[in-house]
A.B. asks: 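First the structure, which I've put down as structure tokens, then a few questions once you've had a look.
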Amino acid sequence: MQQKDVLPMKPEIADKQLAVKPVITGSEAVIRSLIEEGVDTIFGYPGGAIMPIYDALYDFQDQVHHILVRHEQGATHAAQGYARSSGKVGVAFATSGPGATNLVTGLADAYMDSTPMVCITGQVAAALLGTDAFQETDVIGITMPITKWNIQVTRPEDIPGAMAKAFYIARSGRPGPVLVDITKNAQFGEFEYEYKKCEYIRSYRPIPELSQEAVSEAAALINSAKKPFILCGHGVLLSGAEKALIALAEKAQIPIGSTLLGLSAVPVDHPMYVGMLGMHGNYGPNMLTGEADVVIAVGMRFDDRVTGDVGTYVPNAKVIHIEIDAAEINKIVKADVAVHADAKPALEALIQQVNPADHTAWLEEFRAADKKEYDKVQHRELYPQEGELKMAEVIRLISEKTKGEAVLVTDVGQHQMVASRYYRFKNPNTNVTSGGMGTMGFSLPAAMGAKMGTPEKEVVAIIGDGCFQMTLQELATIHQSQIGVKIVILNNNFLGMVRQWQQLFFDRRYSSTEMVNPDFVQVAKGFYIPGKKVTAREDISAAIDEMLAHQGAYLLEVVVEKEDNVFPMVPAGAPITTIRLE
Amino acid sequence: MQKEYTVTVYTEDRIGITNRITIIFTRRGINITSLTTAETEIPGVYKFVITVMSTREKLDKVVGQIERLIEIHRAFVHEEDEVVYQELALYKISTRSLHTGDIERLIRENNARILTITAEYFVIEKTGHQQELTDFIKKLEPYGLIEYTKSGRVAIVKWSRRFHEHLKELHTQDADIS
């Protein structure tokens with residue numbers, strides 16, 4: 001490894017010692033800017049238009065760890081996994097043209113799921129822009145609707161300012177992905193480098209001022225409520241408001257339901273926690289939205305998977321919506337009290353004004369619903385005695401053996417819903433999944449990123465057989481960079497969720513959902529990753545133990561019941577209270 | 001109910017800002033019927049005046065999503081009676097028709113004016129609301145209208161004072177958003 005010995009890293013130190021700003025290339029400025037922003041890990045893939053930046057990176061290998069992925073989509077999902085588990089900004093590099101277009105899915109996913117990410121793309125030289133030059137694509141135009149902000153930089157001296165704004169925008173307010181497109185001439189050009197962190201943009205107000213009036217109105221509603229209900233969204237995690245939310249729930253005895261992305265904010269075993277909301281969520285929290293008289297929605301956006309038919313959603317409730325993004329307030333559900341604010345200060349202010357209350361009878365309703373769901377669905381899912389293995393029992397065992405403390409990275413489909421329903425999360429930011437976009441292929445690269453972001457934690461990817469085949473080339477990255485993720489494929493040889501819908505809504509016409517799969521353990525072996533295939537109930541517990549005890553990456557394929565369905569379920573567009581247990 | 005609304009958007013001066021704004025209308029399938037933009041009295045701050053046929057409910061959401069963009073200061077939806085607005089039209093007429101009929105009276109009565117006269121054609125300018133400007137076409141038709149063109153809407157909001165004071169304060173702050 002080499003290190004550049006020309007100048008110390010901090011420009012202000014350089015200024016004092018040399019009384020001049022260092023003259024460096026735009027490429028070096030990119031790397032130095034990243035280091036200024038605290039970046040130590042980059043996921044990327046080189047190519048023609050970003051070669052100068054990779055060349056500059058070569059001199060900083062002791063400070064910035066670059067993970068060479070096998071597809072740029074993998075770089076974005078890895079950056080997302082890194083950001084979601086660690087709370088830091090994820091960074092991805094790609095070249096122009098196809099490199100840039102391969103970022104699109106990950107950018108859209110990060111935008112939907114409010115994930116802080118900065119993508120740097122190389123671009124053809126400024127003189128060639130618009131000429132259909134080799135590997136030129138209008139990545140700014142393409143990514144405009146799926147980024148929080150993007151910018152093209154055509155001069156080296158604009159790089160530090162663009163980078164500073166990119167990180168400020170990505171991480172502030174409601175986080176999101178930002179793309180910085182840098183032309184090749186800007187990468188090569190030299191200039192006097194100076195870095196100033198961005199703390200303010202005059203047209204951008206990331207943290208709204210908390211209205212005390214709104215807080216008082218919200219408190220009055222909560223204090224008058226007989227059946228209050230908290231809906232905990234991703235914003236609670238993003239704001240670091242978990243403790244405040246729990247304190248509020250404890251003080252006024254308010255049950256908490258969680259959205260898919262809000263999972264892990266509240267420990268599953270907390271007495272006020274009543275389960276997951278939405279299409280495949282728990283019975284009680286969905287049914288009882290119909291009875292709640294005050295709903296306190298925190299950092300969530302009333303996705304259609306959560307509300308079902310909006311016209312019949314929370315029919316008896318006054319809605320308090322605590323939300324940092326003004327565009328989400330009144331977008332789907334009209335707020336009776338809108339608290340346009342960051343969740344943590346809003347909740348902390350609210351706690352002061354909320355009176356202790358006793359809602360024992362209301363909480364009993366949730367427990368009764370839980371019992372109904374347990375008896376009708378969960379018991380046979382979690383503890384089956386015969387037949388093929390069930391996804392739920394595999395998740396239960398993983399949950400028990402990791403004590404609910406692993407970072408669970410799930411893909412999209414039946415296995416995602418089962419994992420989200422049955423993993424007993426204990427700590428915040430341990431649920432990483434593609435919620436808004438539902439991007440199949442998310443979890444293998446996201447798990448790599450999550451492990452890089454939180455190396456001290458066990459990271460377990462739960463993947464369907466269909467999803468796995470969308471990004472399985474990242475096994476090579478996992479091997480090359482020695483990333484110790486545990487990979488569990490729940491294999492039903494079907495695109496299970498689509499098949500479930502075909503069974504229920506398309507008269508069992510299984511159009512293009514059955515899969516003839518490769519030998520996944522052999523595939524992993526080809527990438528030098530050890531693994532095992534389990535088909536029998538008596539082998540599963542030991543196999544999970546073996547996987548968790550293994551140092552380094554490991555793939556466990558579990559063959560599960562072929563035509564199993566996820567219940568409870570709310571048919572798309574139906575009232576959420578029509579949730580079916582079978 | 002669908003009707004005509006005026007949307008005003010105050011933005012920073014940045015490449016691509018028009019695209020950023022218009023794709024938000026596109027997503028919801030709203031057709032923009034006119035769009036006018038120019039720098040405001042605050043250097044570096046641009047104002048877009050957009051007219052659309054839509055519903056108030058939809059546009060309130062659109063405006064929220066526009067305001068979410070980083071380089072947008074504010075965006076507003078206005079009902080017809082909340083804005084004073086004007087449009088400008090130019091009409092090109094054959095010079096030969098100057099001798100037919102009473103075009104002088106027509107120009108006077110409609111508060112129009114002649115901008116230029118050449119041997120072949122002359123150009124009349126008229127400002128007003130869309131209906132007046134298109135009505136004027138019909139009146140000019142007997143005189144041999146060669147070409148007609150019209151601007152989008154420019155509008156001033158009746159209650160805009162506080163917001164403009166806020167904008168002036170911005171003027172003292174760093175405009176650099178590159």
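Chain identifiers are assigned alphabetically (A, B, ...) following the order of the sequence lines, protein sequences preceding nucleic acid strands; residue numbering begins at 1 within each chain.
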A.B. asks: Examine distances only and state if a side-chain atom of A:Ser203 and a backbone atom of B:Ile70 form a donor-acceptor pair shorter than 3.5 Å.
C.D. replies: yes
A.B. asks: Are more than 12 heavy atoms from other residues, nucleotides or ligands located less than 6.0 Å from atom CD1 of B:Ile156?
C.D. replies: no
A.B. asks: Heavy-atom distance under 4.5 Å to chain A: side chain of B:Gln65, backbone, both or neither?
C.D. replies: both
A.B. asks: Measure the spacing between NZ of A:Lys148 and CG of B:Leu69 and express it to the nearest 0.5 Å.
C.D. replies: 11.5 Å
A.B. asks: Of all heavy-atom pairs between A:Arg205 and B:Arg74, which one has the smallest distance, and what is that distance?
C.D. replies: NH2-CD, 3.8 Å
A.B. asks: Mind checking whether B:Arg20 and A:Asn150 have side chains closer than 4.5 Å, heavy atoms only?
C.D. replies: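 Side-chain contact under 4.5 Å: yes.
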A.B. asks: Are more than 12 heavy atoms, taken from residues, nucleotides or ligands other than B:Lys158, located less than 6.0 Å from that residue's NZ atom?
C.D. replies: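 Count over threshold, so yes.
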A.B. asks: How far apart are the C-alpha atoms of A:Arg202 and B:Val45, what are their side-chain angles, what is the distance that settles it, and do they pass the side chain to side chain contact (heavy atoms under 4.5 Å, CB included) test?
C.D. replies: CA-CA 11 Å; A:Arg202 70 177 192 175; B:Val45 175; 3.5 Å; yes
A.B. asks: Under 6.0 Å from the OH atom of B:Tyr121, do we count more than 12 heavy atoms belonging to anything else shown?
C.D. replies: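 No.
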A.B. asks: Looking at every heavy atom in both B:Arg14 and A:Ile151, which two are closest together, and how far apart are they?
C.D. replies: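 Shortest heavy-atom contact: NH1-CG1, 3.5 Å.
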A.B. asks: Answer whether the closest heavy-atom distance between the side chains of A:Ile332 and B:Lys61 falls below 4.5 Å.
C.D. replies: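 Of all side-chain heavy-atom pairs linking B:Lys61 with A:Ile332, none is under 4.5 Å.
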A.B. asks: State whether B:Arg68 and A:Glu328 are salt-bridged, where the test is any N-O pair (Lys NZ or Arg NE/NH1/NH2 against Asp/Glu carboxylate O) under 4.0 Å.
C.D. replies: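 The answer is yes: the pair qualifies as a salt bridge.
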A.B. asks: Do A:Trp149 and B:Glu71 make a side-chain contact, defined as non-hydrogen atoms from C-beta onward lying under 4.5 Å apart?
C.D. replies: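 Yes, close enough: below the 4.5 Å cut-off.
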A.B. asks: Could you check whether atom CD of A:Glu199 has more than 12 heavy atoms from other residues, nucleotides or ligands sitting under 6.0 Å from it?
C.D. replies: no
A.B. asks: Tell me if the CZ atom of B:Arg113 is crowded by more than 12 foreign heavy atoms within 6.0 Å.
C.D. replies: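 At most 12 heavy atoms, drawn from other residues, nucleotides or ligands, come within 6.0 Å of this atom.
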A.B. asks: Around atom CD of A:Glu213, are there more than 12 heavy atoms from other residues, nucleotides or ligands closer than 6.0 Å?
C.D. replies: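 Count not over threshold, so no.
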A.B. asks: Looking at B:Arg56, I'd like to know if its CZ atom is crowded, meaning that more than 12 non-hydrogen atoms belonging to other residues, nucleotides or ligands lie closer than 6.0 Å.
C.D. replies: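 Above 12, so yes.
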